[in-house]
Amino acid sequence: MKRQQIRSTTDTSATTVLLIGLTIIVVGCFLGISYLFEYDFYNKDNNGETAKTIAVQIYSQDDCEMAKDFYKSMLNDSSDIALAKADSVMQNNHYRLGYYVDYFSPEKTNFVFAVFDTNGRLLWEPSGGYSYMLAKERTDYLGSSDFYVTDENGGIIPLKINYAILIDENQASDRYKTAFDWIDAANTLKYFVFVVLFVALLIIVILLSLVTINAGTTDPETGEIIPGFIDKVPLDICTVAIIAFFAVAWMVIGLTSAADVNMVLNNLVVVITFVAFVMLLMTYLMTVSVRVKMGKFYKNTVVYMIYRRFKRKTPRKVRKAFGDMTFMGKVITGISLYIIFEASILIAMAYLGIFGGDSARIFTMFLIVWGMTRLLIVPIFVMVAINLNYIREEGEKLAGGVFGDGVTDKLSIAAFKSHGKNLDQIRKEINKAMEQELKSERLKNELITNVSHDIKTPLTSIMSYVDFLQRDNISEEERKKYLAIVAKHTDKLAVLAKNLIEVSQISSGNIEVKKEKTSLNIIIEQTIEEFALRLEQSELIPRVSLPEEEIFIMGDGEWLWRIFSNLLNNACKYAASGTDVEISLEEHNGKAFVRIANISKSALHVEGDELFERFVRGDSSRHTDGNGLGLSIARSLAELQNGTLDISVKGDIFAAVVVFDKV
């Protein structure tokens, strides 16, 4: 049995990817907001200063260690020539000193430092950079680090490195600047992140609703929903499984946070957990939707299976009352049972002590449980509301004389499909008549437009070049060139006029067809021979396949030649250079089949039947020669001789098949 998705697999995959991406965004927003609160971004006048101070404390630890090593390396040389050595370090291959000189240069870092003794006396600072004493007056980001060196006798000399993080317009592009830029960006977007969070949550709800509405696989013949593997698992088991997963996920997140693991790892666990939960929730909503569409929402449950075992013991009156209940009555009953189920869960959680603790924790847990249950039921209510809205809108359209697509395929609940089929049946015949009328009107407008274009273009060109020819200041060579162009466009108008006359004669039946026993082999060979030069000029290779035994039909040789010449002429105009033109003649079941096929220069974006409409061309830009009448004339001539001409288009493959009765 062939199966057909209500929506394409591509759409489902795209929705899944979007849900994963949006879930990551939502979790990221939640984590980001928590960090923004933690670092006082939302405190008045803070503006990320706390985060900047922490960033300086973290990054300055490494820089302080390197600054200490820099100073110790300088002490290895005599104090009188230390700085000289530092300036000529690259030339003397003192790699270590050279590295530090470059690292602490103003172009590379905003870390400015100096070495002091315990009395606060300045001992040394790198040359060629900013002065620490000046830098500390221009920034609030200051710090110090103690260390010691040994003298010649092995004595310990305590020292201190004081540093400042210089912030100005000429700030170097180091990690301090990068951190400050990100912190400033976070401060700018600290309220916008709430908007992103709201929009992402809204889109997630919308996507979950759409996935729920469009879930299921349908049989194209009967339109019935075919359940999948997950749809055969009892629904209450699925419900327990998703609740259990949420509980386990909550515990995993709590344990990860309590274990004080790396922040990145902790955040990764949170993201993966929530993505998995959303995917499970989507699967759960889809299977609920399928069960609702099949009208078996409650039947495939453990509770219902238990109920069936005791059904015979239920009084007949009670069973009859439920069976005769209206649709709205069943909806109200279902909502009531859901409320009872929800209340039972909350009471059970309170009884088990899950709601123990302070009032804030109780309120938080209540919101989580309430939100989860609403996430399960909202898509179902949305699906019912959308189905009812479809029926209402289609009824209004019919009343207003607007006839669009059918409504049955839009409906996803079995109880509403019967109403949709009634509306579609009303529309069907009216729609057919309106489509025919619209098609006739479109063809009339296209005919007027295309005739005007194909006549106006050469006439405009002729008038322009005649004006040039009337001038006295043109050379004889230019005059010949212009006359050739005028002659070319005149020929095009003559061909157009001839074709229009033929079309008119064929349409009115004012054309003489002399039917006689005619060999298709001979007609085809003559046509190919006459087109040999044209095919060669177009760089086309004819591949001819004719049977050894001649095939005869009753037809007019002149008009048969015209049919095949129009088809070959069409190939010469539109076939890609260097490709084959396949010409074959075969006989099947008393019919003669002539097939002419070629590869077009570009893919054709029209149906085969549209190419038979007058003035319709495969080249929609109308830049090639031709007027779009050749195929229409060929088909009419074939029909006048009791034959048919059909065209098939598959991508860039164009194939014409002419069929006649064999004699």
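Closest of all the heavy-atom pairs between Leu207 and Leu19 is CB-CD2, 3.9 Å. Nearest heavy atoms, Lys573 versus Lys601: O-NZ, 3.2 Å. In terms of heavy atoms, Cys29 sits closest to Val193 at SG-CG2, 3.8 Å. For Ile183 against Gly48, the heavy-atom pair with the smallest separation is CG2-O, 3.6 Å. Among all heavy-atom pairs drawn from Phe41 and Ala186, the shortest one is CE2-CB, 4.2 Å.
Within 6.0 Å of atom OH in Tyr42, more than 12 heavy atoms from other residues, nucleotides or ligands are found, so the atom counts as buried in its surroundings. Around atom OH of Tyr35, more than 12 heavy atoms belonging to other residues, nucleotides or ligands sit under 6.0 Å away. Around the CZ atom of Phe147, the shell of radius 6.0 Å holds more than 12 heavy atoms that belong to other residues, nucleotides or ligands. Atom CZ of Phe194 has more than 12 heavy atoms from other residues, nucleotides or ligands within 6.0 Å. Remark: Lys190 NZ is packed, more than 12 non-hydrogen atoms of other residues, nucleotides or ligands lying under 6.0 Å away.
In this structure, the side chain of Asn119 does not engage the main chain of Arg121 through any donor-acceptor pair within 3.5 Å. Side chain of Thr287 to main chain of Thr283: no donor-acceptor pair is present (N/O by atom type, distance under 3.5 Å, no hydrogens or angles).
Taking the centre and axis of the six-membered ring of Tyr103, the NZ or CZ atom of Lys108 falls outside the cone set by 45° and 6.0 Å.
Here the options are Phe113, Phe116, Tyr163, the test is ring-ring contact (aromatic ring centres under 6.0 Å, His included), and the partner is Tyr132; only Phe116 passes.
To the nearest 0.5 Å, atoms CZ (Phe180) and CG (Asn110) are separated by 8.5 Å. Atoms OH and CZ, from Tyr574 and Phe654 in turn, are 10.0 Å apart once rounded to the nearest 0.5 Å. To the nearest 0.5 Å, atoms CE (Met282) and OG1 (Thr15) are separated by 8.0 Å.
Note: Tyr176 and Phe111 have parallel aromatic rings, judged against thresholds of 30 and 60 degrees for the angle between ring planes.
Between the side chains of Tyr130 and Glu125, no donor-acceptor pair of N or O atoms lies under 3.5 Å. For Asn46 and Asn43, the side-chain atoms include no donor-acceptor pair closer than 3.5 Å.
In this structure, the side chains of Thr579 and Asn598 stay at 4.5 Å or more apart for every pair of heavy atoms.
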